[in-house]
Amino acid sequence: MRKVLIPLFFNRPTLRVAKELLGKFLVRRIGDKKISGMITEVEAYVGPKDKASHASRLWRGSLASLRGRSGPRAARGRTERTKVMFGKLGYWYVYLIYGMYHCLNIVTEKENYPAAILIRSVENVKGPGRICRKFKIDKKYNEKPASRRMGLWIEDRGVKINPRNILRGKRIGVDYAGKWKDKPWRFFIKS
DNA sequence: GGAGTGATGACA
DNA sequence: GTCATCACTCCA
């Protein structure tokens, strides 16, 4: 059983979609070759208040911004980079981080509401940067739909993860996010 | 623990 | 235009 996930799958609460992505397969076609791997770890970034999210609106007026904080973390809601998170469901959000690595996210929930899920690990590939390196994903996929036609999609191969084997914890690398840094919005399969 | 790397976005 | 920053990885 192989069913490509369609936008409707992503048009639901982000935390729910995040959990259900565990056990699905990320698939990349390059010419005649296919690379695929079961998704084993994800992180949800949900809504304009989520200070850990690139699309957070809450920096305005904060101490950090008064101190002249700049850079990507100074994002103010909808910007050139983050507009994709407000856009169509089931589209990719790909960004470059630390000048070296790409991170792959899928847009969720509903239009005009910034939410996305970071694909953090697939089987045998731990870390968002390594996934994009192995699957040859870069910004060409940003703002493109997850679809077979685009050569990068997610499919259901009938694997069922026992809920008992789904663990959750704090998101990684978001220590700047105040009370939002402790939200248990990272989901992963018990190994 | 520390370096590498360049796009990003606020501010001037 | 300037400048600090970063949802990471590798090597020590």
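Everything quoted here is computed from the prediction, not taken from an experiment.
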Euclidean distance, atom OH of residue Tyr95(A) to atom C1' of dT5(C) [Å, nearest integer]: 13 Å
Closest contact, heavy atoms only, Tyr45(A) versus Ile172(A): OH-O, 4.4 Å
Distance test, side-chain N/O of Tyr93(A) to OP1/OP2 of dA7(C), below 4.0 Å: no
Length of the line joining His102(A):NE2 and dT9(C):P, which is rounded to integer Å: 13 Å
Rounded distance in Å - CD1 (Ile119(A)) to C1' (dA7(C)): 13 Å
d(NE2, His54(A); C1', dA7(B)) in whole Å: 12 Å
Presence of Lys134(A) side-chain N/O under 4.0 Å of dT9(C) phosphate oxygens OP1/OP2: no
Nucleotide of dT5(B), dC8(C), dC6(C) approaching Tyr176(A) most closely (side-chain heavy atoms): dC6(C)
Lys/Arg N to Asp/Glu carboxylate O, Arg171(A) vs Glu43(A), below 4.0 Å: no
Leu118(A), nearest nucleotide to its side chain (from dG6(B), dA7(C), dC10(C)): dA7(C)
Arg133(A) side chain near dC10(C) phosphate (N/O to OP1/OP2, under 4.0 Å): yes
Salt bridge flag under 4.0 Å for residues Lys126(A) and Glu41(A): no
Selected nucleotide, minimal atom distance to Tyr98(A) side chain, candidates dC8(C), dA7(C), dA7(B): dC8(C)
Donor-acceptor under 3.5 Å (Tyr95(A) side chain, Asn105(A) main chain): no
Sugar-phosphate only, base, or nothing, as touched by Gly99(A) at under 4.0 Å among non-hydrogen atoms: base
Arg81(A) side-chain proximity, nearest of dA7(C), dC8(C), dG9(B): dG9(B)
Closest to side chain of Glu80(A), choosing from dT5(B), dG9(B), dT8(B): dG9(B)
Nucleotide nearest Ile97(A) (side chain, heavy atoms from C-beta), chosen from dC6(C), dA7(B), dC10(C): dC6(C)
Spacing of Met100(A) atom CE relative to dT5(C) atom C1', expressed in whole Å: 14 Å
Ion pair check, Lys24(A) and Glu20(A), cut-off under 4.0 Å: no
Nearest listed nucleotide, side chain of Lys139(A), among dA7(C), dA7(B), dG9(B): dA7(B)
Distance test, side-chain N/O of Arg120(A) to OP1/OP2 of dC8(C), below 4.0 Å: yes
Interatomic distance where CZ belongs to Arg130(A) and P belongs to dT9(C) [whole Å]: 7 Å
Nearest-neighbour nucleotide for the Leu96(A) side chain, dT5(B), dA7(C), dG6(B) considered: dG6(B)
